[in-house]
Engineer: 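Structure provided below as structure tokens; questions to follow.
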Amino acid sequence: MAQLFPKQANGLSKASIAAGAAVGGSVLLALFLLARSGYATGEGTPYDQKVPFSHNHHTTGVGIDCRYCHTSVETSATASIPPTQTCMNCHSQIWTNAPMLEPVRESYRTGKSLEWRKVNDLPDFAYFNHSAHVNKGVGCTTCHGQVGEMPLVYQAQSLQMQWCLNCHNNPEQFLRLKSEVYEPVWNPPANQLEVGAKLRAEYKANPRVSCSTCHR
Amino acid sequence: MKRSSLLALVSLIALAGGACRQDMHDQPKAKPQSKSGFFVDGRTGRLPVEGTVARGELRADDHLYRGKVDGVFATTFPFKIDAALMERGRERYAIYCTPCHGATGLGNGMVIQRGFKVPATSHHIERLRNAPVGYWFDVITNGFGVMFGYASQIPVNDRWAIIAYVRALQLSRNATAEDVPAAEREALLSGRKALPGEGAHAAPPAGGGGHNAPAGDAKPQAESAPKSPETKH
């Protein structure tokens, strides 16, 4: 019986094995990268909201403190979205005819909630507490990005577990003075690790990493 | 052979599809301020039945919760005022009051400068200097004129802390050199800059105490000067 395969078939079969591995590997790599991309995590894309509220204007522009609206951030798990009345504190007198604000006025007239689309949406199996963070020197912008520069807010971080643990394992990378926690735009000092380590000791910021800390 | 590989492919697709389900991410439980599919108005947060009083929330103390003693506005604070509370008041004032009333209470905060139709009242007018603290508490709680009540934004104790701080602001613009403790008076009169710790929140000495003018007449340059400690939050 004659040879079925010519001699080059050896090389061809080896090459095809390598090619198969390469294709399989790149598919896996692509999936790996896709899961971490903004497409999957929702990072970096502002949402359409009923009212195009600008944090940039209200914080950096007008100088209103985060806590004027997010009143429960220091004492509760949620920072809280303000009731329509908080908007009307000012907008009953200023920009009263702006069409952009009609949903706000409508909500105030009718008592129906103004529905906002949640931008930073953690999975429901992860427990998060705002007050535990802001009272230990974790600033708003550490997780929410430079909100003071965002005309429309977007999710600034991946919010994946890996990202949470990055800080829970080494919080000195991010800790800041408690008096600077609510700065709407904040950049770390050049010697952040040094300052952060000092603040970590002072504030006793020792985050836990056991499963049940967040998955409770 | 062919059959089993087809089976493998189908189960792989089913697995991949299953991995995309978000049931665990978005559980049908009520989280604060989330949308409810159960209640008609779509709100997860429910109001208690009218007239309900939560345990420990009766708020029977008129002085503390309404700023009134025997039906008239209280002239005293319901608890002791100390430095820590004043500091708390300074911080809370910066958060909730400065947008309209300004860092020094002249009534020309940023929101007013941006076109609020009615100027905010200056805290340094005669009427408000003489108003009892209970009146201040009532205004913060229930509002006054075009100012809405801040009961939902500022907890009771913080309202009192703010009032204590406003009293200090008022004093800072209506004081004489004799009111300054002897040790610091010398520094004040010699024109030396106060050292850190000396008269921490004192505004620049008021010339002649003529600060009874309504907000509209307030000199903007006087307001913009002491920006450093008071606008910091």
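Everything numeric in this text was worked out from a predicted model, so none of it was measured. Chain letters run A, B, ... following the sequence lines, proteins first and then strands; every chain starts at 1.
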Engineer: How far apart are the closest heavy atoms of Tyr96(B) and Thr71(A), and which atoms are they?
Structural biologist: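 For Tyr96(B) and Thr71(A), the tightest heavy-atom pair comes out as OH-CG2, 3.9 Å.
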Engineer: Take a 6.0 Å sphere around CG of Asn97(A) and say whether it holds more than 12 heavy atoms from other residues, nucleotides or ligands.
Structural biologist: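 Counting other residues, nucleotides and ligands, CG of Asn97(A) stays at 12 neighbours or fewer.
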Engineer: Please determine whether the number of non-hydrogen atoms from other residues, nucleotides or ligands lying under 6.0 Å from atom OH of Tyr203(A) exceeds 12.
Structural biologist: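 It does: Tyr203(A) OH has more than 12 such atoms within range.
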Engineer: Keeping Gln33(B) on the side-chain end and Ile81(A) on the backbone end, is there a donor-acceptor pair under 3.5 Å?
Structural biologist: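 Yes; judged by distance alone, with no hydrogens or angles, the pair exists.
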Engineer: Working to the nearest 0.5 angstrom, can you tell me the gap between Ser152(B) OG and Asn89(A) CG?
Structural biologist: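 Going from OG on Ser152(B) over to CG on Asn89(A), the span is 7.5 Å.
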Engineer: Can you confirm whether more than 12 heavy atoms, excluding those of Trp95(A), are under 6.0 Å from its CH2 atom?
Structural biologist: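 No.
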Engineer: Could you check which of Lys35(B), Met24(B), Lys29(B) has the highest count of heavy-atom pairs closer than 4.5 Å to chain A?
Structural biologist: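 The residue among Lys35(B), Met24(B), Lys29(B) with the greatest pair count is Met24(B).
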Engineer: Counting only heavy atoms not in Tyr127(A) (residues, nucleotides, ligands), do more than 12 fall under 6.0 Å from its OH?
Structural biologist: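 Yes, OH of Tyr127(A) has more than 12 neighbouring heavy atoms, counting only those of other groups under 6.0 Å.
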Engineer: Thr98(B) versus Asp65(A): any side-chain heavy-atom pair under 4.5 Å?
Structural biologist: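 No; the side chains remain at least 4.5 Å from each other.
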Engineer: Examine whether an atom of Ser72(A) lies under 4.5 Å from a heavy atom of chain B, and if so say whether it belongs to the side chain, the backbone or both; otherwise answer neither.
Structural biologist: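 It is neither, since no heavy atom gets under 4.5 Å.
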Engineer: Check Ser92(A) against Phe148(B) and note the closest heavy-atom contact, atom names and distance.
Structural biologist: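 Closest approach of Ser92(A) to Phe148(B): OG-CE1, 3.6 Å.
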Engineer: If you define the side chain from C-beta out and look only at heavy atoms, does anything of Glu91(B) sit under 4.5 Å from Arg67(A)?
Structural biologist: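 Glu91(B) reaches Arg67(A) side chain to side chain.
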Engineer: Could you give the distance from CD1 (Ile112(B)) to CD (Gln93(A)), rounded to the nearest 0.5 Å?
Structural biologist: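 Answer rounded to 0.5 Å: 8.5 Å.
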Engineer: Does CG in Asp48(A) sit with more than 12 non-hydrogen atoms of other residues, nucleotides or ligands closer than 6.0 Å?
Structural biologist: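 Atom CG in Asp48(A) is not crowded, with 12 or fewer foreign heavy atoms closer than 6.0 Å.
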Engineer: Checking Gln153(B) side chain against Tyr68(A) main chain: does a donor-acceptor pair fall under 3.5 Å?
Structural biologist: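 At least one qualifying donor-acceptor pair exists.
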Engineer: Is Lys117(B) in contact with chain A via its backbone, its side chain, both, or neither, using a 4.5 Å heavy-atom distance?
Structural biologist: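 When you check distances to chain A, atoms from both the backbone and side chain of Lys117(B) fall under 4.5 Å.
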Engineer: Closest approach of Ser113(A) and Arg43(B), non-hydrogen atoms and distance?
Structural biologist: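 Shortest heavy-atom contact: OG-NE, 2.6 Å.
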Engineer: Counting only heavy atoms from other residues, nucleotides and ligands, does the tally under 6.0 Å from NZ of Lys31(B) exceed 12?
Structural biologist: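 Counting other residues, nucleotides and ligands, NZ of Lys31(B) exceeds 12 neighbours.
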Engineer: Would you name the heavy atoms of His25(B) and Phe125(A) that are closest together and state the gap between them?
Structural biologist: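 Shortest heavy-atom separation between His25(B) and Phe125(A) comes out as CD2-CE2, 3.8 Å.
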Engineer: To check you understand the geometry: which heavy-atom pair defines the closest contact between Gly115(B) and Ile94(A), and what is its length?
Structural biologist: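 So the minimum-distance heavy-atom pair works out to C-CD1, 3.8 Å.
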Engineer: Quick check on Ala77(A) against chain B: is it the side chain, the backbone, both or neither that has a heavy atom closer than 4.5 Å?
Structural biologist: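 Neither the backbone nor the side chain of Ala77(A) comes within 4.5 Å of chain B.
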Engineer: Counting only heavy atoms not in Arg208(A), do more than 12 fall under 6.0 Å of its CZ?
Structural biologist: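 No, the 6.0 Å shell around CZ holds no more than 12 heavy atoms from other groups.
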Engineer: Taking side chain as everything from C-beta outward and backbone as N, CA, C, O, which of these in Asp41(B) sits under 4.5 Å from a heavy atom of chain A? Side chain, backbone, both or neither.
Structural biologist: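 Neither the backbone nor the side chain of Asp41(B) comes within 4.5 Å of chain A.
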Engineer: Counting heavy-atom pairs closer than 4.5 Å to chain B, which one of Lys112(A), Lys118(A), Gln85(A) comes out on top?
Structural biologist: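 Going by pairs under 4.5 Å, I would pick Gln85(A).
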